[in-house]
Amino acid sequence: MAADKLDKYDSAYVSTLNMTDAEIAETYGVDSSKISTGPTLQELNEENPSYVKRDYDHKQQVIVGSVIMFCVALAMVLMNNYNPKR
């Protein structure tokens, strides 16, 4: 059963490597009238950027990250020395 399905898939496969765009559209049944030819998303964002460019304070991030890592290391050392069996 699985071999039959694979054979059907292989026979339905069409290589579009050496085909022109018109042949590919004809093979797959693409209607060119439905393809929009408007500006791309990148062009729209270049004209009117809809995002806010953020400037991060890396010095503050380094300080906060170092303090958090120091607290985690301190907690690991303290938990390592804790032994309830003593």
Side-chain angles (χ1 to χ4, degrees):
M1 291 299 280
D4 294 336
K5 289 181 182 178
L6 286 175
D7 288 340
K8 287 179 183 177
Y9 173 76
D10 288 340
S11 63
Y13 176 74
V14 177
S15 175
T16 58
L17 185 63
N18 295 323
M19 293 176 126
T20 62
D21 291 340
E23 291 173 337
I24 294 172
E26 183 181 339
T27 302
Y28 287 119
V30 177
D31 188 7
S32 61
S33 64
K34 294 181 181 177
I35 298 174
S36 63
T37 57
T40 62
L41 188 59
Q42 182 177 355
E43 291 171 351
L44 288 174
N45 278 334
E46 285 172 356
E47 293 175 6
N48 183 16
S50 58
Y51 60 90
V52 178
K53 186 174 182 180
R54 296 182 179 93
D55 293 322
Y56 293 106
D57 186 7
H58 295 290
K59 186 176 180 182
Q60 181 184 4
Q61 288 180 345
V62 169
I63 292 171
V64 170
S66 300
V67 168
I68 290 173
M69 289 185 68
F70 175 74
C71 291
V72 169
L74 187 64
M76 288 173 68
V77 168
L78 292 174
M79 291 299 290
N80 193 27
N81 290 332
Y82 174 70
N83 189 356
K85 292 183 180 177
R86 285 187 197 165

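By convention here, the first residue in the shown sequence is residue 1.
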Open item on the list: I'd like to know whether CD of Q61 has more than 12 heavy-atom contacts from other residues, nucleotides or ligands below 6.0 angstrom.
Closed with: yes
Task: CG-CD distance between N18 and E23, expressed to the nearest 0.5 angstrom - done: 9.5 Å
What donor-acceptor contacts under 3.5 angstrom involve side-chain atoms of residues 64-72, with partners at least two apart or in another chain?
| from | atom 1 | to | atom 2 | distance (Å) |
| --- | --- | --- | --- | --- |
| S66 | OG | V62 | O | 2.8 |

